[in-house]
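Take a look at the structure below.
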Amino acid sequence: MENVLTIAGSDSLAGGGLQADLKTFEEFNVFGLSVITSVANIFPDDLKINVLSPKLVHEQIDSVTSQVKIAACKTGLLGSVENIQLVAEIINEYQIPVVVDPVLAFKEGTSDNDPDYLEAMKNDLLPLATITTPNISEAEQLSGIGISNKEDIQLASSEIQQLGVPNVLIKDGRETGDDYLLTGIEQHWISGEKLISNTTNGAGCTLSAAITALLSQNKTILESVTIAKKFVHDAIELGVPIDTNSGSVWQGATRKKGNQI
């Protein structure tokens with residue numbers, strides 16, 4: 001069994017964040033380890049994020065890497081420029097697949113528009129990534145391109161690739177359900193059914209975690225993204241409502257449906 005690491009924030013509702021990552025890892029038969037970068041307390045009309053210090057983050061990473069051989073790693077919300085730089089410095093020491101979920105926008109309606117944070121993500125972390133998985137809003141911020149159609153998505157993906165990350169997956173869940181994957185010079189539109197559902201909290205975290213698990217098992221980028229996308233579709237379809245307006249994906253959905261991963 002492979003060991004995989006998530007470096008991400010904690011989600012009080014457990015739909016996203018490292019909770020979603022760890023649940024996803026279990027479904028893919030890998031052992032998940034975690035480093036907490038922040039604590040997000042989510043309310044119906046508010047989102048409170050408390051960022052941990054680089055010292056605490058570093059201590060957690062040392063605890064993991066000094067004892068366990070990691071096969072792949074994903075990053076989620078890092079919370080501060082200092083945490084981005086710390087994580088980038090440590091990741092650079094290891095030759096393993098790294099999935100960067102940039103987490104610049106939240107379904108709860110807030111986004112991190114700190115220009116220094118964005119620049120650190122672009123300059124320090126993305127060049128070390130195997131693949132990055134921005135949604136449309138995050139892709140706009142990373143590329144500087146406003147996205148309104150498929151051609152814009154392709155252009156934005158190319159701009160993000162120029163930052164040094166060889167593989168870029170832009171998630172177009174807000175419109176068609178089709179995602180665009182740029183791998184080197186190869187382009188792939190990965191079709192998907194657009195679900196009308198409120199149980200989408202944690203979809204992005206779950207997707208990137210599934211990709212991480214699959215890469216640790218030596219799947220190709222295209223295989224990993226395709227399998228992960230189907231997994232997230234099931235997770236949304238059988239998601240867990242919180243109230244009439246929101247809910248979380250359920251990582252056990254594929255297993256519940258009796259499907260093989």
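Below, all heavy atoms of this structure are taken into account, side chains as well, without hydrogens, waters or symmetry copies.
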Item to check | Ring-face cation contact, Trp189 with Lys150, 6.0 Å cut, 45° max | outcome: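 Positive - Lys150 is close enough to the ring of Trp189 and near enough to its axis.
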
Checklist entry - Looking at Lys23 and Asp21, does any basic side-chain N land under 4.0 Å from a carboxylate oxygen? => result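 Judged by the 4.0 Å cut-off on N to carboxylate O distance, Lys23 and Asp21 do not form a salt bridge.
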
Hydrophobic cluster of [X], others only, ordered by chain and residue number, side-chain cut-off 4.5 Å:
X      : answer
Leu222 : Val99, Ile131, Leu169, Leu181, Ile190, Leu195, Leu207, Ile211, Leu215, Ile221, Val225, Val232, Ile236, Val249
Ile145 : Leu155
Ile261 : Phe28, Leu214, Ile227, Phe231

Quick one: does [X]'s side chain get under 4.5 Å of [Y]'s, heavy atoms only?
X      : Y      : result
Thr133 : Ile170 : no
Leu33  : Thr6   : no
Val64  : Leu5   : yes
Tyr117 : Ile84  : yes
Ile61  : Ile90  : yes
Asp101 : Thr132 : no
Pro166 : Thr130 : no

What residues, two or more places apart in sequence or in another chain, satisfy side chain to side chain contact (heavy atoms under 4.5 Å, CB included) together with [X]?
X      : result
Glu93  : none
Ala129 : Val100, Val165
Leu13  : Asp11, Ile42, Ile242

Next on the checklist: Taking side chain to side chain donor-acceptor pair (under 3.5 Å) as the definition, give me every residue that meets it alongside Glu26, ordered by chain and number, with sequence neighbours left out.
Outcome noted: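 So Glu26 forms no side chain to side chain donor-acceptor pair (under 3.5 Å) with any residue.
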
Checklist entry - Residues two or more places apart in sequence or in another chain: which of them pass side chain to side chain donor-acceptor pair (under 3.5 Å) with Thr24? => result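 Side chain to side chain donor-acceptor pair (under 3.5 Å) list for Thr24, sorted by chain: empty.
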
Heavy-atom closest contact ([X] atom, [Y] atom, distance):
X      : Y      : value
Gly15  : Ser248 : CA-OG, 3.4 Å
Lys171 : Asp179 : CA-OD1, 3.3 Å
Ala139 : Ser143 : O-OG, 2.7 Å

Nearest-0.5 Å distance, [atom1] of residue [X] to [atom2] of residue [Y]:
X      : Y      : atom1 : atom2 : value
Thr75  : Ile91  : OG1   : CD1   : 6.0 Å
Gln19  : Gln251 : CD    : CD    : 10.0 Å
Cys73  : Tyr94  : SG    : OH    : 10.5 Å
Leu125 : Glu89  : CG    : CD    : 12.5 Å
Ile70  : Asn3   : CD1   : CG    : 5.5 Å

Among pairs that include at least one residue of [range], which meet side chain to side chain donor-acceptor pair (under 3.5 Å), considering only residues two or more places apart or in two chains?
range            : answer
residues 30-42   : none
residues 232-242 : Glu193-His233, Lys230-Asp234, Asp234-Thr254, Asp234-Lys257, Glu237-Lys257
residues 152-162 : Ser148-Asp152, Gln154-Gln187

Item to check | Ser208-Lys74 side chain donor-acceptor pair, cut-off 3.5 Å | outcome: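 The criterion, which ignores hydrogens and geometry beyond distance, is satisfied for Lys74 and Ser208.
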
Next on the checklist: If the condition is ring-ring contact (aromatic ring centres under 6.0 Å, His included), which residues does Phe25 pass it with, not counting sequence neighbours?
Outcome noted: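 Partners of Phe25 under the ring-ring contact (aromatic ring centres under 6.0 Å, His included) test: none.
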
Next on the checklist: Quick check against the 3.5 Å criterion: does Gln85 have a side-chain atom that pairs as donor or acceptor with the backbone of Glu82?
Outcome noted: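 Pair absent, no side-chain N/O of Gln85 close to backbone of Glu82.
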
Checklist entry - Do the side chains of Val240 and Leu18 join up, straight or via other hydrophobic residues, at under 4.5 Å, putting them in one cluster? => result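 No, Val240 does not connect to Leu18 through the hydrophobic network.
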
Next on the checklist: If hydrophobic clusters are built from ILVMFWY residues whose side chains come within less than 4.5 Å, do Tyr180 and Ile185 share one?
Outcome noted: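 Each belongs to a different hydrophobic cluster.
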
Checklist entry - Taking it one step at a time, do Val39 and Leu52 satisfy side-chain contact (heavy atoms from CB on, under 4.5 Å)? => result CA-CA 8 Å; Val39 177; Leu52 274 64; 4.2 Å; yes

